[in-house]
Engineer: 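Here it is, the structure, as structure tokens.
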Amino acid sequence: MGEEWNDAEIRGLMERVAMERRRLERKAVAKRKQPRPLVPKRTVPKEVRRPAGMVTKKKAG
């Protein structure tokens with residue numbers, strides 16, 4: 001017997017193939033990318049450690 005595919009089945013198959021191709025492509029790109037070297041965190045000098053934004057002085061009294 002001849003097996004015929006309708007448009008929805010063909011579209012679904014094409015979508016699955018495209019998704020699989022994209023997945024494999026992403027996997028290949030991820031493999032090619034070199035991991036970034038880990039750099040130790042530098043300590044910030046004390047003068048710089050101030051809250052961001054405007055700081056108002058408290059009134060004495």
Engineer: Are Met14 and Trp5 connected in the hydrophobic side-chain network, where two residues link if heavy atoms are under 4.5 Å apart?
Structural biologist: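 Per the 4.5 Å side-chain linkage, Met14 and Trp5 are co-clustered.
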Engineer: At what distance, to the nearest 0.5 angstrom, does CD1 of Ile10 lie from CG of Leu13?
Structural biologist: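 Reported to 0.5 Å precision, the distance equals 8.5 Å.
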Engineer: Please identify each residue that fulfils side-chain contact (heavy atoms from CB on, under 4.5 Å) with Asn6, with sequence neighbours left out.
Structural biologist: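 Partners of Asn6 under the side-chain contact (heavy atoms from CB on, under 4.5 Å) test: Ala8, Glu9.
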Engineer: By side-chain contact (heavy atoms from CB on, under 4.5 Å), which residues pair with Arg22, not counting sequence neighbours?
Structural biologist: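 Arg22 satisfies side-chain contact (heavy atoms from CB on, under 4.5 Å) with Ala18, Met19, Arg26 once adjacent residues are dropped.
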Engineer: Got a sec, which residues hit salt bridge (Lys or Arg N to Asp or Glu O under 4.0 Å) with Arg23, two or more places apart in sequence or on another chain?
Structural biologist: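 Result, salt bridge (Lys or Arg N to Asp or Glu O under 4.0 Å) vs Arg23: Glu20.
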